[in-house]
Amino acid sequence: MILVNSIHFFASPYLMAYNALNKLNPNYEGISKTLGIPQYKLVVDVFVPQTLETILEQFSYFFVNSMVTISAVSFLSVSVNQPLSLMIPNLESMMLIGSISFVSIVILVVNLLMKALIYFFKKLSKEINSKKENMI
């Protein structure tokens with residue numbers, strides 16, 4: 001399911017990453033080669049901290065869209081592992097409006113909690129980056 005959703009929702013996160021990486025200084029790789037810094041250190045110590053907000057936004061995009069998609073899940077699920085998003089059409093066919101509302105609210109609350117958690121992490125990363133800049 002992760003692979004299916006990653007391919008299905010690839011375009012927007014790719015553009016987010018492309019734009020975030022284009023904003024970085026293009027000389028970082030040359031500097032790291034000159035100083036003998038390995039590529040993985042450059043990615044972990046420079047690129048990830050500077051693009052952390054974009055990485056969190058990408059995760060948020062994948063999470064929210066994966067929560068509500070039923071396109072591929074409907075073909076792969078059985079009654080034992082049925083996700084919440086597939087319960088809505090089943091309950092609708094049985095005319096259980098109250099149950100549909102409850103399932104929809106559960107999906108909404110989970111998405112709002114995840115958005116709040118991502119907002120918290122983004123705010124925390126901004127505070128950490130500002131503290132690092134003030135130390136310099």
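For reference, positions follow the sequence shown, starting with 1.
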K.L.:
Heavy atoms only: give me the nearest P13-Q58 pair and the separation to one decimal.
P.N.:
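That would be O-NE2, 2.6 Å.
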K.L.:
Other members of the hydrophobic cluster containing L113, with the 4.5 Å side-chain heavy-atom rule, please.
P.N.:
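L113 shares its hydrophobic cluster with I105, V109.
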K.L.:
Could you name each residue pair satisfying salt bridge (charged side-chain N to carboxylate O under 4.0 Å, His left out) that touches residues 51-61, not counting sequence neighbours?
P.N.:
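Every salt bridge (charged side-chain N to carboxylate O under 4.0 Å, His left out) pair that includes a residue of residues 51-61, provided the two are not neighbours, is E57-K122.
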K.L.:
Could you check whether any side-chain N or O of S60 sits under 3.5 Å from a backbone N or O of L56, counting only pairs where one atom can act as donor and the other as acceptor?
P.N.:
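Judged by distance alone, no pair lies under 3.5 Å.
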K.L.:
Please find the pair of heavy atoms, one from V43 and one from P49, that lie closest to each other, and give the distance.
P.N.:
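It is O-CD, 4.4 Å.
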K.L.:
Could you note down all residue pairs passing salt bridge (charged side-chain N to carboxylate O under 4.0 Å, His left out) where residues 17-38 supplies at least one of them, sequence neighbours left out?
P.N.:
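Not a single pair qualifies under salt bridge (charged side-chain N to carboxylate O under 4.0 Å, His left out).
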K.L.:
Can you tell me which residue pairs pass the salt bridge (charged side-chain N to carboxylate O under 4.0 Å, His left out) test with a partner in residues 100-119, sequence neighbours excluded?
P.N.:
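Those involving residues 100-119 do not exist here.
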K.L.:
Ignoring hydrogens, what is the shortest heavy-atom contact between T51 and L21? Give both atom names and the distance.
P.N.:
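Residues T51 and L21, closest heavy atoms: CG2-CD2, 4.2 Å.
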K.L.:
Apart from I31 itself, which Ile, Leu, Val, Met, Phe, Trp or Tyr residues share its cluster (side-chain heavy atoms under 4.5 Å, direct or through members)?
P.N.:
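Taking Ile, Leu, Val, Met, Phe, Trp and Tyr as members, I31 shares its hydrophobic cluster with L35, I37.
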K.L.:
Quick one: side chain to side chain donor-acceptor pair (under 3.5 Å) partners of N27, sequence neighbours excluded?
P.N.:
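Here the qualifying residues are N25.
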K.L.:
State the CG-CG distance between L124 and L52, to the nearest 0.5 angstrom.
P.N.:
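It comes to 9.0 Å.
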K.L.:
Tell me, please, which residues at least two apart from Y14 pass ring-ring contact (aromatic ring centres under 6.0 Å, His included).
P.N.:
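Testing Y14 for ring-ring contact (aromatic ring centres under 6.0 Å, His included), a comparison that skips the adjacent residues, returns F10.
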K.L.:
Should I55 and F120 be regarded as members of a common hydrophobic cluster, given that ILVMFWY residues are connected when their side-chain heavy atoms come within less than 4.5 Å of each other, either directly or indirectly?
P.N.:
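Not linked; separate clusters.
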K.L.:
Can you find a heavy atom in the side chain of M114 that is under 4.5 Å from one in the side chain of N111?
P.N.:
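A side-chain contact is absent here, since even the closest heavy-atom pair is not under 4.5 Å.
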K.L.:
Suppose the criterion is salt bridge (charged side-chain N to carboxylate O under 4.0 Å, His left out): which pairs have a residue in residues 34-48, not counting sequence neighbours?
P.N.:
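Qualifying pairs: K41-D45.
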K.L.:
Applying ring pair (Phe, Tyr, Trp, His ring centres under 6.0 Å), which residue pairs with at least one partner in residues 15-61 are found, sequence neighbours left out?
P.N.:
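Qualifying pairs: none.
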K.L.:
Assess whether atom CZ of F121 is packed by more than 12 heavy atoms of other residues, nucleotides or ligands within 6.0 Å.
P.N.:
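It does not: F121 CZ has 12 such atoms or fewer within range.
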K.L.:
Please write out which residues are connected to L112 in a hydrophobic cluster, directly or through intermediates, given that two of Ile, Leu, Val, Met, Phe, Trp, Tyr count as joined at side-chain heavy-atom separations below 4.5 angstrom.
P.N.:
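L108, which link up through side-chain heavy atoms under 4.5 Å apart, make up the rest of the cluster.
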